[in-house]
There are 4 protein chains.
Amino acid sequence: MELIAENGLHATPVSQISKRSGVSAGSIYHYFPSKEAIINHLYLNLKKEMADAAFRGYDINAPYKERFFLMWQNSLNYLLSKPTQLSFMEQCSISPLISQETKEAGKRSHAPLAGFVTEGCESGYLKKMDTQLILSLVHGTIIGTAKLQLSGALDITDEHRVGAAQACWDGLKEE
Amino acid sequence: MELIAENGLHATPVSQISKRSGVSAGSIYHYFPSKEAIINHLYLNLKKEMADAAFRGYDINAPYKERFFLMWQNSLNYLLSKPTQLSFMEQCSISPLISQETKEAGKRSHAPLAGFVTEGCESGYLKKMDTQLILSLVHGTIIGTAKLQLSGALDITDEHRVGAAQACWDGLKEE
Amino acid sequence: MELIAENGLHATPVSQISKRSGVSAGSIYHYFPSKEAIINHLYLNLKKEMADAAFRGYDINAPYKERFFLMWQNSLNYLLSKPTQLSFMEQCSISPLISQETKEAGKRSHAPLAGFVTEGCESGYLKKMDTQLILSLVHGTIIGTAKLQLSGALDITDEHRVGAAQACWDGLKEE
Amino acid sequence: MELIAENGLHATPVSQISKRSGVSAGSIYHYFPSKEAIINHLYLNLKKEMADAAFRGYDINAPYKERFFLMWQNSLNYLLSKPTQLSFMEQCSISPLISQETKEAGKRSHAPLAGFVTEGCESGYLKKMDTQLILSLVHGTIIGTAKLQLSGALDITDEHRVGAAQACWDGLKEE
DNA sequence: TATGAATGAGGTTTCATTCAT
DNA sequence: CATGAATGAAACCTCATTCAT
């Protein structure tokens, strides 16, 4: 993942992966049928890890808004603390290397997030919009903020975090 | 750009570009020093075109909110009507193939957009946040919405467009 | 042998041999010093089996012509009933993988056949030609007939068998 | 073809072909889509050349038997004078590398030979047997004789040639 | 004795780039 | 200025063989 984050999906030969990991090319191909499979595997694992990270410290009894902010911050913090993962994920999210099957499995692991949004809509906390669309808007603001830091355009402070989360909430909350 | 959108940045050999364009490899290298240069050139042109597209029908005398919605919709419409460009842009935005120089030139061509945001902050229409951050949040919601369509996850209707734009505005407007 | 008949001498990795035989690669290399040795071993065994098959039902007191037909038919029947062996043998017969030593050992196991031909020449049943040449002509007609079936070009019936054997005999018999 | 005759079909890497031919690997792949295609191409060309060689000096007005001997000798001489071609052909004739399509095209180029055999059967010169079977028997004797020389088992003299051809004719002629 | 993960040289193929025409 | 064949380094992947368990 490091190598792909640094050099790009296709500019990362297996020979480099072998060198950096200290595992021979033969062994790599003993465990994975192809380079494509490695990347799909990494992608899926990462998707799950990100979904888990979002729910860290999640308290089902806390007020909805509080939970919304927690998850938004959790997600942003995860990406800010792991620029490698952010870069890797962004590259995979477009690439045709990621199979349809993997994408669907990835989506499944994000089902709890979709459930949280649906709950918000039905309980009247969030605007009545398509769940997918809301998720994308939330995701867009998180990714947008994180990429600012990654590209070096802006050093994200706590104030920025709170401001961005607030903007996201204000945009989506009912009323 | 079509080829790169279809196959990915590195899965597009110059030989294919030559075939699809009807221009011999030799001629391509007569006009561009390298494949990298071609992509940087395309990227920069596209950045400008997108900035121009955002300002289509812009009326400096219209109310701020109206102008905000116009530009948001212009940008989204551009991406929805040109999935090739969206895909190409998304790939470039991460790739190390795009030089620092090109990125900066791209940012310069987006200066009018930054100016519009700054104006909004100073005039009290938008929240007092870092211009870069606001731009990223806006950009994030637009890209997020457009990618929904591109990935086939949701067919974006007029209602979705208006809702997303409204959410973006609600999130960023002062008060 | 099955694998080699199906896929070819060099398109049969040891790993497949291991899988199909249910014997681990390590064990294979415990009993054979190399893949080459396995193939030489199989080849030699098969040569012997084919020589034995030719003599099935052989009656030393039967007339020479009768014995000729018996052995010709025996040999053809063996190959027709064991396409795997035919394919394997044909591949080995050319391959540089088969060592000189193995080839000579193979020839030695075919000595009884050579003896039968020599007997025929000396007794005046067969034309006075070089023993090797006669053996090759006989072998050529048998292989030629068997390969017709293997390649699917012709379904060899009893009539074909008899006709081909007769043609071989007519070509080689004295007078 | 030389390399394959020397080392075997699969023990001939493209890198060696490149070195021996003085053509870079890249250029080889400019003209052939794959190594398989090269071999199929060589095989087909050789098939045609062999069919042509068989008809060298063919006189349609000569007696049938004379023409039979001419073609038999032509074919044998071709193989004896070109051991490389013999070895290459024998390897291809079994290999799964040769596509069904190529095999059929090869058979088509041998149609004149089949026609010659059919003519012989219908005119009463040859036994009434399946054309394919006769062709295979003839082919078998020629290949068998030629391989004797190739394997070093026997140095084929003019006497051997005449004897083998006569045996083949005697075996197949009517009456 | 049996296993099978590990190795890495070497196989086929691709592709950015050059250059004679 | 245009062409496209030629190049060869480097990509992905395979496989005979070894060796710790």
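Chain letters run A, B, ... following the sequence lines, proteins first, then strands; residues in each count from 1. As the structure is a computational prediction, the values presented were derived from the model and not from experiment.
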Any C:S24 side-chain nitrogen or oxygen under 4.0 Å from OP1 or OP2 of E:dG4: no

Could you state the interatomic distance from CD1 (B:I98) to CG (B:L42), rounded to the nearest 0.5 Å? 9.0 Å

Position toward the 5' end of DNA chain E (nearest nucleotide), C:H30 or D:S34: C:H30

If you take any heavy atom closer than 4.0 Å to DNA chain E, which residues from residues 89-100 of chain C end up in contact? none

Taking DNA chain F as the partner, which of residues 37-46 of chain B come within under 4.0 angstrom of it by heavy atom? none

Quick one: CD on C:E6 to OG1 on C:T84, what's the gap to the nearest 0.5 Å? 7.0 Å

So does A:L3 get a backbone contact from the side chain of A:Q16, meaning a donor-acceptor N/O pair under 3.5 Å? no

Nearest heavy-atom contact between D:K103 and D:S95 is NZ-O, 4.3 Å

So, does A:S87 use its side chain to make a donor-acceptor pair with the main chain of A:P83 at under 3.5 Å? no

Contacts of type side chain to side chain contact (heavy atoms under 4.5 Å, CB included), residue A:A53, not counting sequence neighbours: A:R56, A:Y78

Sequence neighbours excluded, which residues qualify as side chain to side chain contact (heavy atoms under 4.5 Å, CB included) partners of A:A153? A:L148, A:S151, B:K107, B:Q132

What are the 5'-most and 3'-most nucleotides of DNA chain F lying under 4.0 Å from any heavy atom of chain A? F:dA11 to F:dC15

Could you tabulate the donor-acceptor pairs under 3.5 Å formed by side-chain atoms of residues 22-37 of chain D, not counting sequence neighbours?
from	atom 1	to	atom 2	distance (Å)
D:S24	OG	D:S27	N	3.2
D:S24	OG	D:S27	OG	3.3
D:S34	OG	D:E36	N	3.4
D:S34	OG	D:A37	N	3.1
D:K35	NZ	D:T12	O	2.9

Report yes if some heavy atom in the side chain of C:I38 is under 4.5 Å from a heavy atom in the side chain of C:V14; otherwise report no. no

For the pair C:Q91 (side chain) and C:L9 (backbone), establish whether a donor and an acceptor sit closer than 3.5 Å, ignoring hydrogens and angles. yes

Mapping C:G22 and A:Y31 onto DNA chain E by nearest heavy atom, which one lands closer to the 5' end? C:G22

Partners meeting side chain to side chain contact (heavy atoms under 4.5 Å, CB included) with C:E101 (sequence neighbours left out): C:S99

Could you note down all residue pairs passing salt bridge (Lys or Arg N to Asp or Glu O under 4.0 Å) where residues 85-95 of chain B supplies at least one of them, sequence neighbours left out? B:E90-B:K147

In whole angstrom, what separates B:L3's CG from E:dC15's P? 12 Å

Any residue in residues 13-21 of chain C with a heavy atom nearer than 4.0 angstrom to DNA chain F? Just list them by number, or reply none. C:P13, C:V14

Pairwise salt bridge (Lys or Arg N to Asp or Glu O under 4.0 Å) hits with a residue in residues 43-52 of chain B, at least two apart: B:E49-B:K82

Each base of DNA chain F marked ( ) or [ ] if paired in-strand (Watson-Crick or G-U under 3.5 Å), | if paired to another strand and . if unpaired gives .||||||||||||||||||||

What residues, two or more places apart in sequence or in another chain, satisfy side-chain hydrogen bond (donor to acceptor under 3.5 Å, both in side chains) together with D:E2? D:R20

Go nucleotide by nucleotide along DNA chain F from the 5' end; which of D:V23 and C:K35 gets its closest nucleotide reached first? D:V23

Roughly how far, to the nearest 0.5 Å, is the OG atom of B:S136 from the CD1 atom of A:I143? 11.5 Å

